[in-house]
Amino acid sequence: MSELDDRSLASRTGLPPELLYLRDAFPRDRWTSPLDQTAAFWLQMHLGFREHQAHMDGLVGRWRSDGDAAALHRQLIPALQSFLQHLDGHHRVESGQYFPMMRRIEPKIGVGIDLLDRDHDAIHGTLEAMFRDGLAFHQAVTARAPDLADKANRLSDRIAGNARPLLRHLEDEEDIVIPLIQLRGLQG
Ligand SMILES: [Fe+2]
Ligand SMILES: [Fe+2]
């Protein structure tokens with residue numbers, strides 16, 4: 001059980017060594033062009049999520065220093081909606097289409113794919129909570145509710161708390177997926 005805990009998204013600091021053999025065979029310093037198109041697109045999508053999270057972190061930071069809830073609402077809600085939609089869609093395609101294919105192509109990495117699927121479940125729980133907190137903040141702004149700042153803080157904490165696990169997942173997923181696509185192809 002402790003081994004499982006070490007591998008949970010909340011606690012791990014990287015993939016366990018036995019799941020890094022693909023990345024060892026195709027290390028990050030070789031992830032330059034010409035990269036397989038799907039691998040390159042995958043990295044580009046991940047870069048987009050990193051930038052999107054950083055953008056929301058920035059809005060939250062500004063709110064914490066200037067207390068301008070109207071500005072937070074105007075800028076954060078559309079950013080959050082787009083983030084939730086795109087990340088949820090990305091995970092659906094990965095878990096629904098690419099991961100099953102990768103399990104067939106490289107059965108040895110099945111344990112790693114299990115780990116990534118569990119990450120998606122964990123992140124999905126956070127995305128649902130972010131949606132609920134975003135909606136509560138939006139409703140509080142619309143109603144000019146007295147607990148508006150509480151709702152803004154709650155959403156802000158949720159967004160800030162998403163950063164570390166999301167970045168962990170993106171990096172660990174890349175360490176499996178990018179070399180797998182590059183070395184084995186996706187035709188299997
Ligand atoms: Fe993923
Ligand atoms: Fe991904």
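The shown structure was predicted, so the numbers you read here are calculated from the model rather than taken from an experiment. Because only heavy atoms are used, hydrogens play no part in the values below, and waters and symmetry mates are left out as well, while side chains stay in.
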> For I159 and L76, what are the C-alpha separation, side-chain angles and deciding distance, and is it a side-chain contact (heavy atoms from CB on, under 4.5 Å)?
Replying inline: CA-CA 10 Å; I159 286 170; L76 181 58; 3.7 Å; yes
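Taken together through direct or relayed side-chain contacts under 4.5 Å among Ile, Leu, Val, Met, Phe, Trp and Tyr, V111 and I109 form part of one hydrophobic cluster. L47 and I176 sit in two unconnected hydrophobic clusters of ILVMFWY residues. Membership requires side-chain heavy atoms under 4.5 Å apart, directly or through other members.
The shortest non-hydrogen separation linking L72 to A152 is CD2-CB, 3.9 Å. Closest heavy-atom contact between R7 and P16: NE-CG, 3.6 Å. When all heavy atoms are compared, the tightest approach of S156 to V60 is CB-CG1, 3.6 Å. In plain terms, the two heavy atoms of P78 and Q75 that are nearest each other are CD-O, 3.7 Å. The heavy-atom pair separating W63 from A149 by the smallest distance is CZ2-O, 4.0 Å. The two residues A25 and R30 make their nearest non-hydrogen contact at O-NH1, 3.4 Å.
Using a 4.0 Å cut-off between charged side-chain N and carboxylate O, D68 and R62 make no salt bridge. Taking the charged nitrogens against the carboxylate oxygens, R50 and D57 have no contact shorter than 4.0 Å, which rules out a salt bridge. Using a 4.0 Å cut-off between a side-chain N of Lys or Arg and a carboxylate O of Asp or Glu, E171 and R12 do not qualify as a salt bridge.
Between the T142 side chain and the H138 main chain, a donor and an acceptor come within less than 3.5 Å of each other. With hydrogens and angles disregarded, a donor-acceptor distance shorter than 3.5 Å links the side chain of Q182 to the backbone of D36. Between the side chain of R184 and the backbone N or O of P179, no donor-acceptor pair lies under 3.5 Å. Side chain of W31 to main chain of A40: no donor-acceptor pair is present (N/O by atom type, distance under 3.5 Å, no hydrogens or angles). No side-chain donor-acceptor contact under 3.5 Å links D147 to the backbone of D150. Under a 3.5 Å cut-off, the side chain of H52 and the backbone N or O of G48 do not form any donor-acceptor pair.
You'll find the side chain of E174 reaches within 4.5 Å of the side chain of L43, heavy atoms only. L15 has its side chain within reach of L115: a pair of non-hydrogen atoms, C-beta onward, lies under 4.5 Å apart.
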Could you pull out every donor-acceptor pair under 3.5 Å between side chains of residues 91-103 and any protein atom, sequence neighbours left out?
{"residue": "R92", "atom": "NE", "partner": "D88", "partner atom": "OD2", "Å": "2.9"}
{"residue": "R92", "atom": "NH2", "partner": "D88", "partner atom": "OD2", "Å": "3.2"}
{"residue": "E94", "atom": "OE1", "partner": "H120", "partner atom": "NE2", "Å": "2.9"}
{"residue": "E94", "atom": "OE2", "partner": "W42", "partner atom": "NE1", "Å": "3.1"}
{"residue": "E94", "atom": "OE2", "partner": "H90", "partner atom": "NE2", "Å": "2.5"}
{"residue": "S95", "atom": "OG", "partner": "D117", "partner atom": "OD1", "Å": "2.6"}
{"residue": "S95", "atom": "OG", "partner": "H120", "partner atom": "ND1", "Å": "2.7"}
{"residue": "R103", "atom": "NH1", "partner": "G110", "partner atom": "O", "Å": "3.4"}
{"residue": "R103", "atom": "NH1", "partner": "D114", "partner atom": "OD1", "Å": "2.8"}
{"residue": "R103", "atom": "NH2", "partner": "D114", "partner atom": "OD1", "Å": "2.9"}
{"residue": "R103", "atom": "NH2", "partner": "D117", "partner atom": "OD2", "Å": "3.0"}

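Taking CD of E173 as the start and CG of D119 as the end, the distance is 8.0 Å to the nearest 0.5 Å. The NE2 atom of H55 sits 10.5 Å away from the CG atom of L80 when rounded to the nearest 0.5 Å. The line from CG of L135 to CD of Q139 is 4.0 Å long, rounded to the nearest 0.5 Å. Atoms CG and CD, from L35 and Q44 in turn, are 11.0 Å apart once rounded to the nearest 0.5 Å. For the atom pair CG of L87 and CG of N162, the computed distance is 7.5 Å after rounding to the nearest 0.5 Å. One distance of note links CG of N153 with CG of L148; it measures 9.5 Å at 0.5 Å rounding.
Crowding of F131 atom CZ: a count of heavy atoms from other residues, nucleotides or ligands under 6.0 Å not exceeding 12. Heavy atoms of other residues, nucleotides or ligands lying less than 6.0 angstrom from CZ of F41 number 12 at most.
If you look at H73 and F137, their ring centroids are closer than 6.0 Å.
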